[in-house]
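What follows is one structure encoded as structure tokens, with my remarks underneath.
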Amino acid sequence: MTLRFHNTLTRREEAFEPLRPGEVRLYTCGPTVYDHAHIGNFRTYLWEDLLRRHLKLRGHRVTQVMNLTDVDDKTIANARSAGLTLEDYTRRYIDAFFEDLDALGIERAEHYPRATAFIPEIVRLVQRLLQKGHVYESRGSFYFKISSFPHYGRLSRLDAASGAGQSRIDSDEYDKDNPRDFAVWKAPRDGEPFWQTEIGPGRPGWHMECSAMSMHLLGETFDIHTGGVDNIFPHHENEIAQSEAATGKPFVRYWMHAAHLIVDGEKMSKSKGNYLTLRDLAARGYDMRAIRFMLLSVHYRKPLNFTFEGLSQAQAALTRLDDLAGRIEQAAAGLQGEGGALAATAGERLRGMLADLDSDLNTAGALGHLFELVREIHSALDSGQFGRRDLEAVREVLGAFASVFGIRPGQRVDLDAEIESAIRRRSEARARRDFDEADRIRDDLLGHGIVLEDTPQGVRWKRKSA
RNA sequence: GGCGGCGUAGCCAAGCGGUAAGGCAGAGGUCUGCAAAACCUCCACACAUCGGUUCGAUUCCGAUCGCCGCCUCCA
């Protein structure tokens, strides 16, 4: 049961062992809170949630940090046009972000540091880099000198020396020694918020907050750092440079990156305008669990093409799981005998599922094992070869699935008395072969969202799914 | 132009040296008063194309074509 993860640093799958046995320190790049996150963003957050859950299932204690970047060009610009202070503006989207996390059933990380709450740590890091000669000052701003860091480009495999010619001119350009040097601290510009500090007034450059907060909360070397593939360059490359130049130690041991959500063959992104938020989908009546299922069912390193057809396929697959769970619980009451044949099979399926998850979080493979078991369970139930030990084993598998995927198959099992009595009246009508009356009641219940199924084992009911 | 990734049935998607998991949709059957669900059967003889390595390749190597991403803010 060794965990294996694809490490972007080496571009290969490696056995994973945390630096401190039993304890995984995980930094997951979070949102810049200038707007609602879209479902492409949530693909990554959902995958990180799965990673966290699987590490826990495998017995590790997890300390996860997710940053909230609440100061950058966009938050400043949007706050200004909304006529709000930066803090009031970003708080809105921080609140919205947590609502969305809850809606999707994403577990809370241990820490959600905000960049603006870590200005002193960021300043200290700049000072440290200054002392070591990795940073220079120019007109009140501070820049990281990439030529001072020999490993620059190792993560992204970009050659630091080349590409300078194509880089776009921005307003800071002539202040830098080399166009690829990047700002670690930005001098205040007309009316922008700034902090008064020992290195002068200003605000952190992008990248800095992640270095400062991750090292402060997780230590100078920690286990896993994740994000979307678009973060590899420049964000993560720059984080490595800043952090390692300051400490002289390896910053992160395993880098993991999620592929993008694609829409009509293109990356979903704010700038392209081809994005959907969770709120958009909720407004259209889509089930959050189905969204979660869909986004997790494709391996995280493969692009996932979002379509509404894909979403309804996910919904259908999920309904199959819910139906199964409902059937199991309704059957649980009347079990006779110990059984055990299916329990053995269930154990095999569970091992297969976990082995796939251990192998770089192969969710699609894991689901394959699960659905094979689904068929085997129905089959056993149909033939009455299902005893108490089988029930126990099956519940264990479903429980493992629920804890890693964050989706608990099943349905509400409560019924109000009125509906219960309607079901009873229909059974009586059927018994006297009054099928018109029986069908009338069935249609009526369907209108109330209750689906009835007559099986050899008796009447079964379930709630209609979307 | 540089770097990286992808191309498996109608759709989604695992596998990655020994002859193709799973889901959705579809067809036939069993069960059923009907319906639904479930179960059974069927649904890819070359897994983009062309070469090469090998006893043997979807799986390794090379080339070609197509698509995507990064190189600029971005999960």
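We name chains A, B, ... by the order of the sequence lines, and we start the count at 1 in each one.
On the P atoms, B:rG5 is 29 Å away from B:rA46, given to the nearest whole Å. Atom P of B:rA14 sits at a distance of 23 Å from the matching atom of B:rG4, rounded to the whole Å. Atom name C1', nucleotides B:rG66 and B:rU54: the rounded distance is 29 Å, in whole Å. Using P as the reference atom, B:rC55 and B:rA44 are 32 Å apart when rounded to the nearest Å. Nucleotides B:rA27 and B:rC6 are separated by 36 Å at their P atoms, to the nearest Å. Comparing the C1' positions of B:rA36 and B:rA48 gives an interatomic distance of 42 Å, to the nearest angstrom. Taking the P atoms as reference points, B:rC11 lies 28 Å from B:rC61, given to the whole Å.
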Q. Which is it for A:His207 and A:His236 under the ring pair (Phe, Tyr, Trp, His ring centres under 6.0 Å) test, yes or no, and what are the steps along the way?
A. CA-CA 8 Å; A:His207 323 305; A:His236 290 335; 9.2 Å; no

Q: Evaluate the salt bridge (Lys or Arg N to Asp or Glu O under 4.0 Å) criterion for residues A:Asp439 and A:Arg426: first the C-alpha distance (whole Å), next the side-chain angles of each, then the deciding distance (0.1 Å), finally the verdict.
A: CA-CA 8 Å; A:Asp439 291 350; A:Arg426 175 171 173 276; 5.0 Å; no

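Between A:Arg301 atom CZ and B:rA14 atom P the separation is 11 Å, expressed in whole Å. Atom C1' of nucleotide B:rC39 and atom CG of A:Asp382 are separated by 5 Å, given to the nearest angstrom. Distance, A:Leu261 CG to B:rC68 P: 15 Å, rounded to whole Å. In this structure, A:Leu318 atom CG and B:rC12 atom C1' are separated by 15 Å, rounded to whole Å.
No donor-acceptor contact under 3.5 Å links the side chain of A:Asn362 to the base of B:rG15. Residue side chain A:Arg11 does not reach the base of B:rC3 through any donor-acceptor N/O pair under 3.5 Å, judged by distance alone.
With respect to A:Lys267 and A:Asp230, a salt bridge is recorded, a charged nitrogen being found less than 4.0 Å from a carboxylate O. The existence of a salt bridge linking A:Asp70 and A:Arg114 is confirmed by a sub-4.0 Å separation between a basic side-chain nitrogen and an acidic carboxylate oxygen.
Note on ring orientation: taking the six-membered ring where Trp is involved, the planes of A:His257 and A:Trp255 are parallel (angle under 30°, cut-offs 30° and 60°).
When heavy atoms are screened at a 4.0 angstrom cut-off, A:Gly227 is found touching the sugar-phosphate backbone but no base atom. Using a 4.0 Å heavy-atom criterion, one finds that A:Lys267 contacts the bases of the nucleic acid, with or without backbone contacts as well. Using a 4.0 Å heavy-atom distance criterion, A:His260 is classed as a base contact. Counting non-hydrogen atoms under 4.0 angstrom, A:Met294 reaches nothing in the nucleic acid. A:Tyr45 comes within 4.0 angstrom of the backbone, heavy atoms only, and of no base.
Among the nucleotides B:rC34, B:rC73, B:rG69, the one closest to any side-chain atom of A:Lys74 is B:rC73. In this structure, of B:rG15, B:rA13, B:rC34, it is B:rC34 that holds the atom nearest to the side chain of A:Arg426. The side chain of A:Val298 lies closest to B:rA13 when the candidates are B:rC71, B:rG69, B:rA13. Nearest to the side chain of A:Lys302, among B:rC71, B:rA14, B:rG4, sits B:rA14. When distances are taken from the side chain of A:Ile262 to each of B:rC68, B:rC73, B:rA35, the shortest belongs to B:rC68. The side chain of A:Arg460 lies closest to B:rA37, out of B:rA35, B:rA37, B:rC70.
Pair assignment for B:rC39: B:rG29, on the basis of Watson-Crick or G-U wobble contacts that are both within less than 3.5 Å. Applying the Watson-Crick and G-U wobble criteria (two distances, each under 3.5 Å), B:rG17 pairs with nothing in any strand. Remark: B:rG62 base-pairs with B:rC50. Criterion, Watson-Crick or G-U wobble with two distances under 3.5 Å. Pair assignment for B:rA9: none, as no Watson-Crick or G-U wobble contacts are both less than 3.5 Å. Pairing for B:rU72 is absent, judged as Watson-Crick or G-U wobble with the two contacts each under 3.5 Å. Under the Watson-Crick and G-U wobble criteria, each requiring two contacts below 3.5 Å, nucleotide B:rA57 is left unpaired.
For the 3.5 Å distance criterion, the side chains of A:Thr10 and A:Glu14 qualify, holding a donor opposite an acceptor. Between the side chains of A:Asp322 and A:Thr319, no donor N or O sits under 3.5 Å from an acceptor N or O. Counted by atom type alone, A:Asp72 and A:Thr75 present one or more donor-acceptor pairs between their side chains at under 3.5 Å.
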(Q) For nucleotides 20-28 of chain B, give me one character per nucleotide, 5' to 3': B if any protein heavy atom sits under 4.0 Å from the base, S if the only such contacts are to the sugar-phosphate, - if neither. (A) -BSBB----

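Listed pair A:Lys272 / B:rG69 meets the phosphate criterion, a side-chain N or O lying under 4.0 Å from OP1 or OP2.
Sequence order on RNA chain B of the closest nucleotides to A:Leu304 and A:Asp230 puts A:Leu304 first from the 5' end. Along RNA chain B, the nucleotide nearest to A:His38 and the one nearest to A:Val374 differ in position, and the one closer to the 5' end is contacted by A:Val374.
Proximity of the aromatic rings of A:Tyr34 and A:Tyr93 is defined here by a centroid distance below 6.0 angstrom, and this criterion is not met.
Once rounded to the nearest 0.5 Å, the distance linking CZ of A:Phe182 with CZ of A:Phe142 reads 14.5 Å.
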